[in-house]
Amino acid sequence: MGILSVEEGDPVALENAVARGPVILVCEHASRVLPKSLGTLGLSEEALASHIAWDPGALAVSRLMAESLDATLLYQRFSRLVYDCNRPPESPAAMPEKSEVFDVPGNAGLDRAARDARTEALYLPFRDKLSALVKARIAEGRPPVIVTMHSFTPVYFGAPRAVEIGILHDADARLADAMLEAAAADGRYDARRNEPYGPEDGVTHTLKEHGLSNGLANVMIEVRNDLIRDEAGQRVVAGYLTGLLTKGIPAINR
Ligand SMILES: [Zn+2]
């Protein structure tokens with residue numbers, strides 16, 4: 001039996017597929033839903049509701065931005081605890097045995113067959129659908145801008161984080177530079193380069209796989225999740241990020 005049942009459907013969701021804007025929004029950690037076949041992975045309700053299972057608020061903000069930017073949004077419908085779509089299959093972090101302070105019993109000692117089954121069920125459809133979307137836009141003469149959307153916990157290993165918005169990049173910093181310039185001019189949030197994570201943490205997999213490999217402008221956005229707990233906060237942050245992208249994209253050479 002596979003990881004996903006027929007009723008659970010396609011693991012990858014696409015919204016606003018015929019968007020006219022240049023941006024493709026990607027949300028790898030949109031959902032905390034676990035496939036029924038995997039039960040609870042041995043985790044408590046508390047752990048399964050926490051940031052280790054998903055990026056709270058990230059999908060809601062992405063949807064608002066898809067509207068304001070007229071952008072296509074692609075996201076993973078299942079929890080990153082099963083497969084973290086921002087990691088390649090060979091990375092231990094793709095199916096973490098431990099996430100922050102929580103052990104993940106259902107991920108302990110997975111054998112090759114179990115790892116392959118998860119990769120085939122969640123990662124390959126995600127990678128292939130995004131890749132096809134990007135290639136189609138390039139073929140239409142509309143090279144897209146890849147923007148991955150994440151949220152992070154305000155307290156990590158017991159330490160509070162001051163950074164509110166992270167603008168992350170790998171080898172291509174064009175869009176991040178332009179957005180950080182716009183953020184400095186705006187001044188509303190504590191926005192920082194490659195914080196609270198950076199390329200050394202392995203978080204730029206999607207950017208490399210789909211942005212850098214195709215020479216496309218790209219950026220990863222991290223929002224501290226206490227800012228986007230409710231709809232009012234989500235609207236404010238989505239408006240702010242829409243502004244940074246609207247100012248940043250025309251400022252770079254594409
Ligand atoms: Zn994330």
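All values below come from the heavy atoms of this structure, side chains included, with hydrogens, waters and symmetry mates left out. Residues take their numbers from the sequence shown, with the count starting at 1.
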(request) Spell out, as yes or no, whether a donor-acceptor pair under 3.5 Å connects the side chain of S44 to the backbone of A47. (result) yes
(message) Any salt bridge linking K129 with D10? Criterion: basic side-chain nitrogen under 4.0 Å from a carboxylate oxygen.
(response) yes
(request) Locate the shortest heavy-atom distance separating A58 from I228; write the atom from each residue and the value. (result) N-CD1, 4.1 Å
(message) For the CD atom of E15 and the CG atom of L73, what is their distance to the nearest 0.5 Å?
(response) 5.0 Å
(message) Contact between L241 and I221 at the side-chain level, heavy atoms closer than 4.5 Å - yes or no?
(response) yes
(request) Determine, using the 4.5 Å side-chain heavy-atom cutoff (strictly less than), whether L212 and V147 are members of one ILVMFWY cluster. (result) no
(request) Find out whether R80 and W54 are in side-chain contact, i.e. whether some heavy atom of one side chain is under 4.5 Å from a heavy atom of the other. (result) no
(message) If you define the side chain from C-beta out and look only at heavy atoms, does anything of L227 sit under 4.5 Å from Q234?
(response) no
(request) Flag the pair V104 / E97 as yes when at least one side-chain heavy-atom distance between them is below 4.5 Å, and no otherwise. (result) no
(request) Using only heavy-atom distances, determine whether the side chains of T148 and E28 contain a donor-acceptor pair under 3.5 Å. (result) no
(message) Regarding S151 and N225, do their side chains bring together a donor and an acceptor under 3.5 Å, going by distance alone?
(response) no
(request) Taking the side chain as every heavy atom from C-beta outward, state whether D55 and F152 have any atom pair closer than 4.5 Å. (result) no
(request) Taking the side chain as every heavy atom from C-beta outward, state whether E209 and L130 have any atom pair closer than 4.5 Å. (result) no
(message) Between R115 and D111, does any side-chain N to carboxylate O distance fall below 4.0 Å?
(response) no
(request) Show your working on side-chain hydrogen bond (donor to acceptor under 3.5 Å, both in side chains) between H169 and R174 and close with a plain yes or no. (result) CA-CA 9 Å; H169 61 83; R174 288 174 295 163; over 6 Å; no
(message) Is it true that D84 and H29 share a donor-acceptor pair across their side chains at a distance under 3.5 Å?
(response) yes
(message) Within the structure provided, determine whether I24 and R137 are in side-chain contact (heavy-atom separation under 4.5 Å).
(response) yes
(request) Taking atom types as modelled, find out whether Y75 and R63 have a side-chain donor-acceptor pair closer than 3.5 angstrom. (result) yes
(message) Can you confirm whether the side chains of N86 and H205 place a donor and an acceptor under 3.5 Å from each other?
(response) no
(request) Find out if a path of hydrophobic residues (ILVMFWY) with successive side-chain heavy-atom gaps under 4.5 Å connects V236 to M65. (result) yes
(message) Testing the basics here: between P125 and A121, what is the closest heavy-atom pair and its distance to 0.1 Å?
(response) CG-O, 3.4 Å
(message) On the six-membered ring of Y123, is R118 placed so that its NZ or CZ lies under 6.0 angstrom from the centre and within 45° of the ring axis?
(response) no
(message) Does any part of the side chain of K135, heavy atoms only, come nearer than 4.5 Å to the side chain of N214, both counted from C-beta?
(response) yes
(request) Check the hydrophobic clustering (I, L, V, M, F, W, Y; side-chain heavy atoms under 4.5 Å; chains of links allowed) and say if L14 and V145 are grouped together. (result) no
(message) I'd like to know if K247 and D186 make a salt bridge, using a cut-off of under 4.0 Å between side-chain N and carboxylate O.
(response) no
